[in-house]
*Asks:* 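I'd like to ask some things about the structure below.
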Amino acid sequence: MITKLKDFLGLDIKTDKYKKSDDALFGKVSNFKKPDEWVRSTCGYCGVGCGLYIGVKDGRPVYTKGDPTHPVSQGTLCPKGLTEHEMVDSTNRITTPMIRKDGKLQATEWDETFSTVSQQFKEIQAKHGKGAVACISTGQLLTEDFYTLGKFVQLGLESNNYDGNTTLCMASAVMGYKQTFGSDGPPASYEDFSHADVIMLIGANIADNHPILKLHIAKNKKITGKKPTIIVVDPRHSKTANMADIFVPLAPRSDLALMNGLCYIILEQGWEDEKFIAERTSGYLAFKKHIMSNYPPQEVSHITGIEVKELYELAKVYAKADKALSAWTMGVNQSSIGTDTVSAICNLALITGNLGKEGAAPFSITGQCNAMGTREFGFTSSIPGYRNFASGTDRAIFADIINVPTELIPTQRGYAYPQIIDAIDRGEIKALWIVATNPLVSFPDQNKLRRALKKLDILVVQDAFMSETAELADVIFSAATWSEKEGTYTNSERRCNYAKKAVEPLGKTMSDANIVIEFSKYFEGKHELLFKDLKSSRDIFEEMKRVSAERLCDYSGMSYELIEELGGIQWPCNTEYPQGKKRLYTEGFKCNTQDGRAKLLAVDWKPLAESCNPSFPLTLNTGRTVEQWHTRTKTKTISLLNDLAPEAWVEMNPKDADKLEVKSGDRITIGSSRGEVKNIIVKVTEVVREGDAFVPFHFSEQLINSVIIADFDPKSFEPNFKQCAINIYSQAHPEGIEQKVKISGELSYQSIQTTTKYIKEKEES
Ligand SMILES: Nc1nc2c(c(=O)[nH]1)N[C@H]1C(S)=C(S)[C@@H](COP(=O)(O)OP(=O)(O)OC[C@H]3O[C@@H](n4cnc5c(=O)[nH]c(N)nc54)[C@H](O)[C@@H]3O)O[C@H]1N2
Ligand SMILES: Nc1nc2c(c(=O)[nH]1)N[C@H]1C(S)=C(S)[C@@H](COP(=O)(O)OP(=O)(O)OC[C@H]3O[C@@H](n4cnc5c(=O)[nH]c(N)nc54)[C@H](O)[C@@H]3O)O[C@H]1N2
Ligand code: SF4
Ligand SMILES: [Mo]
C-alpha cells in the first residue's frame, strides 16, 4: 500500500525533497500492524462517499483500503481516505471533557461538564430569552448525530438560532434548487458522468477535491464509445482544467452572466428543446423576454471576458449534445449571487431538456461527507424531511410523527450563521455551542468573529480534535469520531451510505448523538419528551425513516442491512422504489411546485461588492488542495499529507510577479482593507490570470480569512469567499502593485483570451 500511495501522489522517493515524508512512511512500515479484523464502512472526509474497509488491530484502526464492491469508488480511495485510520488516534485528539479553570482548560468528568453548561444555559435563557443560546453545527457528523442535535436545540433548548458550516458551503445550491424545483435535492447520479456527451464543470476543481469522481468520467468512453467533451469554467487553470477540452477562464464571479448569455444564443439560434419547455417548465415567456432584452452576447462578453465567437461555440457544443451534464461546487455557491447562479445553471439545463434522463442534469456536488444529511434532517433551514417552518400543515404533521406538541415546532427559521455572529456582537446571543466546525479559521469575517466571541458568557466547543476554536472554549465536549460510531452519511448523489462502528470511542469521548442525549437529561423533562425511545443509532434511524416517509427524501424503505447489501441507497427509497432511485424529475416525476413543473427564472448578474481599486488592484481567490482537509485538524498530523502541503502559498501570474520583482520561493504580504497576512511563499504560475491571485484557506498560520470580504448572498447567507480586492507587498515594492484600474461597478478586466484547445482544433479541421 505504501508504494501504491507514492505512485498515486507521484512522489519521487529518491529526491531529498520528500525525505521527511519517506522517513515517516518507512517508519510506518517498520511499525506496520497487520489488522486482525476488517470492518466495511464509508469514508468520513468528502461528499463523494467512497466505500472502504477499516483494518482493526487491538481495538484501534490501523489500516484503510478501498471496497471494490462499492458502486461509487470501486476499490479506489484518494490520499485522505487511504490515511484516514491515522487521524483517529492522532496526537491532537481530544480524549476527555474539559472546563476552563483559572484560565486553563482542564480535564474533568462528563457530569461536572453537563451540570456546569446546563446551569449556565438555563440562567442565560431565563434572563435573556430562549434565543440567547445559539448553536452552530456542521456537515461532518452522521445523520443520526445531526438529527439528534437539531431536535434537542430546536425542541429541547427551544432556540431556533441554529445553523451550520453548511451555510459557508452548500446553502446557495439548496436555495437555488428550491427556487427552481420547489425543493432541494440534487437530481443526478455519479454514473451520469459516464453517460454524458458533454460535461461542464463550473467552479468545481474535482481533481483536488472530489478526485474519485474522475473514475466515472474515465469510464465514459468505454460505455458511450466516444470521449465526452469536457468543459471547465473557472478563472483559474486548476488541475481539473488539465482535463478540459474547452477551458473557459471567465472573469471572477461572472458565471451567471455566462449562463444567461448561453441561453440567449440558444434561443436566438432556435437550439432550445421546445417540447421539454412546453411540457416540463413554467415561466418561459417572461424568462425569454428577460434574457433577450438583457443578455446579448456583446454584453456578456464584456462581463465575462470571453469573446463573442467563443460564446457561440460554447453554446453550440452544449445545446447540440444529446446529454449534457453540468456540475458545480464552490466557485458557484460561494458568491453573493450564488443562489441565482445556481438557478441560471438550471435554466440552461431546462431550456435544452437536460433533466431527468441518463447523463443529463444540473448537478450540485456536495463538499463535506454529510452535507446532504444535514439538508434532509438537519433542522437548520428547514424541518426534517424537507418541510417548511412556515407551513402549519408541515409543523403539525412533523409534531404528530415524533409525538411532541405542535406549538413546540418553530414557525420560522432563526438566525443563519453570519446573523448568529452579528447577534453575538450586538450582545443579543450570550451562549454559543459550536459542534464540529472551526470558525476561527473558516469564517470570512475574522475581525468581527473574534470580537464577538469575546463577548459571550459561555463558549462550548464539541470536537474530536484540538482546533483553534476549541482552544478558546470555556467548556469542551469531547466527541468520538469516524470509525468510533455507527450511522449514515448521504453523498452528493443522494446515496445514503452506512458507516459502521469499527472501534470503541477513545478515552472519555462519546458519539455526538450520545453527548446530546446525555446532556438532555440535565434539562427537566426534555429527555423523556425527545429521546425516551432513542436508545441506539438504529432507533434514531427508524425515527428518521418515519419523519421522511412520503417526502422527496424518503428513507422509509431503507435499513442498515439493505444499505450495506446494496453499497448505499439513493433516496427516495420506499415501496415504489424499494432499491432507491438514480434520478429525480424523470418523466412523470413532478417538481414540488404548484403545477409540478420546474421554473424558468429571470435572474441577474451583479457586479462584485468590492471591485479592484488603485489601493487594492488584484482579485483574491481562495480554495483547497488535495492533501489538506479544511482547517487541518484531521490532516496536519498525518505526515504523508502534511509534508506535501505544509504551509499556505500564493499563486501569482508572471506579469504581476514582475511588477513586484518577486520569484517563486520569495515571501510576500497580502493585504486588504480588512487585514493582512504576512510571510506567504510565492508560486509564480500562469495558472492564475494577470490581476488574480489564489491562496488555499487551510492554514491558520497564514489566516487568509482575515483578508476576505464579509459579503453574503441575501437568499442563502453564503459568504462570497472567492473574490475580494487585495494588494501584494514585496520587499522590492513595499507599496504593493500600483495600477490604474477602471472603477465603474464593472469588472476591471479587458482582454481575456480563452485557451480553448477544442475550438482551435475545430477551426483547424
Ligand atoms: N482535499 C480536499 N477535498 C475537499 C475539501 C478539502 O478541504 N480538501 N473540502 C470539501 C468541501 S467541504 C467542499 S465544499 C469541496 C469544495 O470543492 P471545490 O469547489 O472544487 O473547491 P475550491 O477549491 O474551494 O473551489 C473550486 C474552484 O472554484 C474556482 N473559482 C473561484 N472563483 C470562481 C468563479 O468566479 N467562477 C468559477 N466558475 N469558478 C471559480 C476556484 O478557482 C477553484 O478552482 O471540496 C470537498 N473536498
Ligand atoms: N476562504 C475560504 N474559507 C472557507 C472556504 C473557502 O473555500 N475559502 N470554504 C468553506 C467551506 S465550503 C467549508 S465546508 C468550511 C469548512 O470549515 P470548518 O467546518 O471550520 O472545517 P473543518 O476543519 O472541517 O472543521 C470541522 C471540525 O470538526 C471536527 N470533527 C471532526 N470529526 C468530528 C466528529 O466526529 N465529531 C465532532 N464533534 N467534531 C469532529 C474537526 O476536528 C474540526 O475541528 O470552510 C469554509 N471556509
Ligand atoms: S474522494 Fe472523498 S470520500 Fe473518497 S476517499 Fe477521498 S476524501 Fe474519502
Ligand atoms: Mo464545504
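Side chains included, hydrogens not; waters and symmetry mates left out as well; all remaining heavy atoms used. Just follow the structure's listing: the first ligand is 1, and inside any ligand the first atom is 1.
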*Asks:* Mark up the atoms of ligand 2 that fall under 4.0 Å of a heavy atom belonging to D512, in ascending order.
*Replies:*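 Counting atoms of ligand 2 from 1, those under 4.0 Å from D512 are 34 (C), 35 (O), 36 (N), 37 (C), 38 (N).
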
*Asks:* Show me, by chain and number, every protein residue that has a heavy-atom distance under 4.0 Å to ligand 1.
*Replies:*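 The 4.0 Å shell around ligand 1 contains C46, K80, C169, I202, G203, A204, N205, D208, N209, H210, V233, D234, P235, R236, S238, P252, R253, D255, T329, M330, G331, G367, Q368, N621, G623, R624, T625, V626, Q628, W629, H630, H698, K722, Q723.
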
*Asks:* Return the set of residues passing side chain to side chain donor-acceptor pair (under 3.5 Å) with K683 (not counting sequence neighbours), or none when no residue passes.
*Replies:*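 Applying side chain to side chain donor-acceptor pair (under 3.5 Å) to K683 gives none.
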
*Asks:* Does a donor on one side chain sit under 3.5 Å from an acceptor on the other, for S172 and Q334?
*Replies:*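 S172 vs Q334: no donor-acceptor pair found between side chains.
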
*Asks:* Show, in sequence, the C-alpha distance, side-chain angles and deciding distance for K80 and C46, and conclude whether the side-chain contact (heavy atoms from CB on, under 4.5 Å) test is met.
*Replies:* CA-CA 9 Å; K80 290 182 302 302; C46 91; 5.5 Å; no

*Asks:* Under 4.0 Å from a heavy atom of A480: give me the atoms of ligand 2 that qualify, with their elements.
*Replies:*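 That gives atoms 34 (C), 35 (O), 36 (N) of ligand 2.
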
*Asks:* Indicate, as side chain, backbone, both or neither, the part of T633 found under 4.0 angstrom from ligand 2 when only non-hydrogen atoms are considered.
*Replies:*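 The answer is the side chain of T633.
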
*Asks:* Please list, in number order, the atoms of ligand 2 under 4.0 Å from a heavy atom of A479.
*Replies:*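 Going through ligand 2 atom by atom, the ones under 4.0 Å from A479 are 36 (N), 37 (C), 38 (N).
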
*Asks:* I'd like to check the side chain to side chain donor-acceptor pair (under 3.5 Å) partners of S336; sequence neighbours left out, ordered by chain and number.
*Replies:*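 If we apply the side chain to side chain donor-acceptor pair (under 3.5 Å) test to S336, skipping adjacent residues, the hits are R253, D711, N720.
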
*Asks:* Taking 4.0 Å as the limit for heavy-atom contacts, which would you say applies to L141 with ligand 2: side chain only, backbone only, both, or neither?
*Replies:*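 L141 to ligand 2: side-chain contact only, backbone stays beyond 4.0 Å.
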
*Asks:* Whether the side chain of D145 engages the backbone of A513 through a donor-acceptor N/O pair (distance < 3.5 Å, no angle test) should be reported.
*Replies:*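 Checking the backbone N and O of A513 against the side chain of D145, a donor-acceptor pair under 3.5 Å is found.
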
*Asks:* I need the atoms of ligand 2 closer than 4.0 Å to a non-hydrogen atom of F465, numbered in the order shown.
*Replies:*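 In order of numbering, the contacting atoms are 42 (O).
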
*Asks:* Side chain to side chain donor-acceptor pair (under 3.5 Å) for S442 and N705? Distances and angles first, verdict last.
*Replies:* CA-CA 7 Å; S442 57; N705 274 328; 5.9 Å; no

*Asks:* Would you kindly say whether E486 and Y498 are connected by a side-chain donor-acceptor distance under 3.5 Å?
*Replies:*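 Per modelled atom types, E486 and Y498 side chains form a pair under 3.5 Å.
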
*Asks:* Just jot down the ligand 2 atoms closer than 4.0 angstrom to any heavy atom of T481, in number order.
*Replies:*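 Near T481, meaning under 4.0 Å from one of its heavy atoms, ligand 2 has 32 (N), 33 (C), 34 (C), 35 (O).
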
*Asks:* Can you name the salt bridge (Lys or Arg N to Asp or Glu O under 4.0 Å) partners of D163, sequence neighbours left out?
*Replies:*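 Partners of D163 by the salt bridge (Lys or Arg N to Asp or Glu O under 4.0 Å) criterion, ordered by chain and then number, come out as R413.
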
*Asks:* Kindly assign one of parallel, tilted or perpendicular to the pair F363 and F193, based on the angle between their ring planes and the thresholds 30° and 60°.
*Replies:*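 Correct class here is tilted.
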
*Asks:* Name the orientation class of the two ring planes belonging to Y190 and H216 (parallel below 30°, tilted from 30 to 60°, perpendicular beyond 60°).
*Replies:*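 Because their plane-to-plane angle lies in the 30° to 60° range, the rings of Y190 and H216 count as tilted.
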
*Asks:* For the residue pair Q628 and T635, confirm or rule out a side-chain donor-acceptor distance under 3.5 Å.
*Replies:*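 Checked: Q628/T635 side chains pair up, N/O donor to acceptor below 3.5 Å.
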
*Asks:* Does ligand 2 have a heavy atom under 4.0 Å from the side chain of S467, from its backbone, from both, or from neither?
*Replies:*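 Only the side chain of S467 comes within reach of ligand 2.
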
*Asks:* Looking only at heavy atoms, is any part of N705 under 4.0 Å from ligand 2, and if so is it the side chain, the backbone, or both, or is it neither?
*Replies:*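 The answer is the side chain.
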
*Asks:* In this structure, does ligand 2 have an atom that sits under 4.0 Å from one of the heavy atoms of A470?
*Replies:*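 Checking ligand 2 against A470, which is what was asked, there is no heavy-atom contact under 4.0 Å.
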
*Asks:* Within the structure, is a non-hydrogen atom of M466 found at a distance of less than 4.0 Å from ligand 2?
*Replies:*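 Judged by the 4.0 Å heavy-atom criterion, M466 does not count as contacting ligand 2.
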
